[in-house]
Amino acid sequence: LVRASAVRVLRDLESDARNAEASGDAAGLLAVGESIAWLKPKLELMQETGVTATPPRIVIEAADCLLGWLISRRMESA
């Protein structure tokens with residue numbers, strides 16, 4: 001569930017980046033780019049584990065980190 005939510009947010013961020021680039025919003029593009037750069041490696045860690053496998057500690061830590069980030073992002077937009 002965390003991964004699915006993070007993938008959805010990544011798609012939203014990528015859309016925001018395209019919009020910022022199209023409108024010439026350099027500051028917005030930089031901010032979105034930083035979020036994308038932080039998020040992508042966390043998602044990559046989660047992709048390496050099969051659904052039925054017990055995830056390695058690094059994957060659990062990435063999920064914990066992503067969950068905290070998703071919650072704070074949700075609170076900021078509320």
Is there a path from Val32 to Leu43 through hydrophobic residues (I, L, V, M, F, W, Y) whose side chains come within less than 4.5 Å of each other?
yes

side-chain hydrogen bond (donor to acceptor under 3.5 Å, both in side chains) with Glu21: which residues, sequence neighbours excluded?
none

Contacts satisfying ring-ring contact (aromatic ring centres under 6.0 Å, His included) that involve residues 4-28 (not counting sequence neighbours) are none

Taking every non-hydrogen atom, the tightest pair across Leu13 and Leu39
CD1-CD2, 4.0 Å

Least distance between heavy atoms, Cys65 atom then Lys42 atom
SG-CE, 3.7 Å

With Asp25, which residues qualify under side-chain contact (heavy atoms from CB on, under 4.5 Å), at least two apart?
Ala20, Ser23, Ala27

Side chain to side chain donor-acceptor pair (under 3.5 Å) contacts in which one or both residues fall within residues 26-35, not counting sequence neighbours
none

Where Ile36 and Pro41 come nearest, the two heavy atoms and their spacing:
O-CD, 4.5 Å

Qualifying salt bridge (charged side-chain N to carboxylate O under 4.0 Å, His left out) pairs, either residue in residues 58-72, two or more places apart
Arg57-Glu61

Who are the side-chain contact (heavy atoms from CB on, under 4.5 Å) partners of Ile58, not counting sequence neighbours?
Leu45, Pro56

Across all chains, not counting sequence neighbours, the salt bridge (Lys or Arg N to Asp or Glu O under 4.0 Å) partners of Glu14 are Lys40

Would you mind writing out the side-chain donor-acceptor pairs for residues 66-73 within the sub-3.5 Å range, not counting sequence neighbours?
{"unit_1": "Ser72", "atom_1": "OG", "unit_2": "Gly68", "atom_2": "O", "d": "3.4"}
{"unit_1": "Ser72", "atom_1": "OG", "unit_2": "Trp69", "atom_2": "O", "d": "3.0"}

